[in-house]
K.L.:
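Structure incoming, see below.
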Amino acid sequence: MSGHESIKELLALAAGGALDAPEQRRLEEHARECPACRRELEIWSAYSQGLHQLPQPAAPAQLVERTRARVWQERASAADRRWDEMMLGALALFAWTVGLTAWFVARIFTGGALVFLGTNLVRFGTWSAISTVLVWLTAAVAALALGKRRREFRRAL
Amino acid sequence: MILAAAMNPEALSGVDDTIVRVRRGDPDALTALISRYQHRLYRYLVRLVREPAAADDLFQQTWLRVMEKIGRYDARRNFEAWLFSVAHNLAVDSWRLKRGDSLDDTGDSGETRGSALGDRLPLDQPDALERLLDFERGAMLAACIHELPAIHREVLTLRFEEDMKLEEIAEVAGIPLATVKSRLRRALEGLRAAMELRTQGGRGA
């Protein structure tokens, strides 16, 4: 590649201010001797100037306010979700504790046998199964109630 | 005050006070930060995705992501480059979702065409830009940029409108420095070729 050809590759980059010091020096030395490259530099310089002065797109009205509102809404929703998860966890733990305590009490009062439809209800396995169903049902109802209340609250705002 | 600064490592490392406050969840600081970058970030997104509605949505998504990640933002990094890289990644994701390809896959044919035409431009003729009147130049340049591949539009706006250094552009676009340089050259040559085509077309009509 001739000197002129290799310099041509640097001309556009010169307009972008993207040459390193040795490339810049090489280009300047060549341009002093080469009218064609000096002319190219002039043209690229006009492009650079034009690119600095492009018509600017106008940001839409209320962009900052809408963005801020969306960010806080998202943060509030995330905080709500965390709170709900914590509450439901605590509720489940509480229900389990009540279930276990009730099992102890029931065993004491019934002497270990409370038969209903052929099933001993105070046997640990049966009691646990019933408690689990009750706990999850309670949690689901609580979650639905919380969700409904929050939606109503948001609509009211 | 000195004691307060000594107790706060972020204050010592010179992190922008607004960013520190945003990290603590201060709504006013967030508004100030969004306002500060409003026009620049929106302009970058409009240049990148071309559609104002998409740019508007990406602008909001960018700030949602910023709030998610601000706790992990490394204060030694340039905040602007970090912010624009968040926007870049979201634009790339939306591009993939919509078109099934990436932002970086959309410029190959344009690159080849641009440099080939650029090489044929005669050196002793008035250039396309010079043939235009002053008031026409901005609109014509903007129209030609609009036709360029996304990766070229991006590098041009970051370099000339955002005045970012090549290293910062590399950080935003997630590409090596050498690629930024070659991309910038191809973008400029493609732009000039597009201007040449447009003005020749205009004269011939």
Side-chain angles (χ1 to χ4, degrees), chain A residues 1 4-21 23-24 27 30-31 34-79, chain B residues 25 27 30-32 34-35 38-43 45-47 52-53 55-56 59-64 66-68 115 118-119 121 123-124 126-130 132 137-142 145 155-157 159-161 163 165-166 169 180-182 184-189 191-192 195:
Chain A
M1 194 185 282
H4 181 77
E5 285 301 310
S6 70
I7 289 294
K8 267 178 79 176
E9 290 200 346
L10 302 180
L11 292 165
L13 284 177
L19 295 182
D20 56 33
E23 286 171 334
Q24 186 69 36
L27 176 63
H30 176 84
C34 177
C37 284
R38 272 206 304 278
R39 168 85 183 115
E40 275 291 292
L41 276 175
E42 257 177 46
I43 293 170
W44 280 120
S45 161
Y47 273 88
S48 169
Q49 206 180 347
L51 283 163
H52 278 110
Q53 295 165 351
L54 288 173
Q56 296 299 299
Q62 312 288 311
L63 182 62
V64 174
E65 288 73 16
R66 281 187 288 117
T67 305
R68 193 184 113 128
R70 190 166 159 188
V71 167
W72 289 113
Q73 192 182 10
E74 196 67 29
R75 278 173 76 97
S77 301
Chain B
L30 177 68
T31 308
I34 300 174
S35 302
Q38 164 181 210
H39 297 291
R40 292 176 55 191
L41 186 62
Y42 180 75
R43 175 177 64 193
L45 287 167
V46 165
R47 301 278 189 239
D56 189 316
F59 181 93
Q60 296 186 36
Q61 283 187 47
T62 300
W63 287 103
L64 285 173
V66 163
M67 291 307 285
E68 268 173 43
S115 46
D119 288 345
L121 295 175
L123 293 176
D124 52 349
D127 176 74
L129 204 61
E130 293 169 332
L132 295 168
R137 286 180 187 162
M140 187 66 93
L141 273 173
I145 289 171
V155 76
L156 288 178
T157 188
R159 183 69 194 108
F160 291 95
E161 294 188 293
D163 275 324
K165 294 178 189 151
L166 300 190
I169 298 173
V180 176
K181 240 173 146 171
S182 62
L184 181 61
R185 181 168 68 85
R186 287 187 179 126
L188 283 162
E189 287 171 352
L191 174 65
R192 193 166 155 193
M195 286 286 285

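Throughout, a chain's letter reflects where its sequence line sits, starting with A, and its residues are numbered from 1.
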K.L.:
Could you measure the distance from the CZ atom of B/R43 to the CG atom of A/L54? Nearest 0.5 Å is fine.
P.N.:
9.0 Å
K.L.:
How many angstroms lie between CG in B/L156 and OH in A/Y47, if you round to the nearest 0.5 Å?
P.N.:
12.0 Å
K.L.:
Salt bridge or not for A/K8 and B/E189, using N-O below 4.0 Å?
P.N.:
no
K.L.:
So how far is it from B/I34 CD1 to A/R66 CZ, rounded to the nearest 0.5 Å?
P.N.:
11.5 Å
K.L.:
Kindly compute the distance separating CZ (A/R75) from CD (B/E68), expressed to the nearest 0.5 Å.
P.N.:
10.5 Å
K.L.:
Do A/L51 and B/L188 touch side chain to side chain, with heavy atoms closer than 4.5 Å?
P.N.:
yes
K.L.:
Below 4.5 Å, heavy-atom pairs only: which of B/H39, B/E161, B/Q61 has the largest tally toward chain A?
P.N.:
B/E161
K.L.:
Heavy atoms only: give me the nearest A/A58-B/Y42 pair and the separation to one decimal.
P.N.:
O-CE2, 3.4 Å
K.L.:
Could you tell me which non-hydrogen atom of A/S48 sits nearest to which non-hydrogen atom of B/F160, and how far apart they are?
P.N.:
OG-CE2, 3.7 Å
K.L.:
How long is the span from the OG1 atom in A/T67 to the CG atom in B/D56, to the nearest 0.5 Å?
P.N.:
7.0 Å
K.L.:
Minimum heavy-atom separation for A/R68 and B/P27, please, with both atom names.
P.N.:
NH1-O, 3.4 Å
K.L.:
Just give me the residue among B/R159, B/M140, B/M67 that pairs up with chain A most often, heavy atom to heavy atom, under 4.5 Å.
P.N.:
B/R159
K.L.:
Less than 4.5 Å to any heavy atom of chain A: does that hold for the side chain of B/L141, its backbone, both, or neither?
P.N.:
both
K.L.:
Answer yes or no: is there a side-chain heavy-atom contact under 4.5 Å between A/Q53 and B/R137?
P.N.:
no
K.L.:
Is the shortest heavy-atom distance from the side chain of A/R70 to the side chain of B/W63 under 4.5 Å?
P.N.:
no
K.L.:
Minimum heavy-atom separation for B/L166 to A/A18, with atom names?
P.N.:
CD1-CB, 3.6 Å
K.L.:
Given heavy-atom pairs under 4.5 angstrom as the criterion, report whether the side chain, backbone, both or neither of B/L41 touches chain A.
P.N.:
neither
K.L.:
As an exercise, state the distance from CG of A/L63 to CD of B/Q60, rounded to the nearest 0.5 Å.
P.N.:
6.5 Å
K.L.:
What closest approach, in Å, do B/A142 and A/P55 show between heavy atoms, and which atom pair accounts for it?
P.N.:
CB-CD, 4.1 Å
K.L.:
Identify which part of A/A78 has an atom lying under 4.5 Å from any heavy atom of chain B, answering side chain, backbone, both or neither.
P.N.:
neither
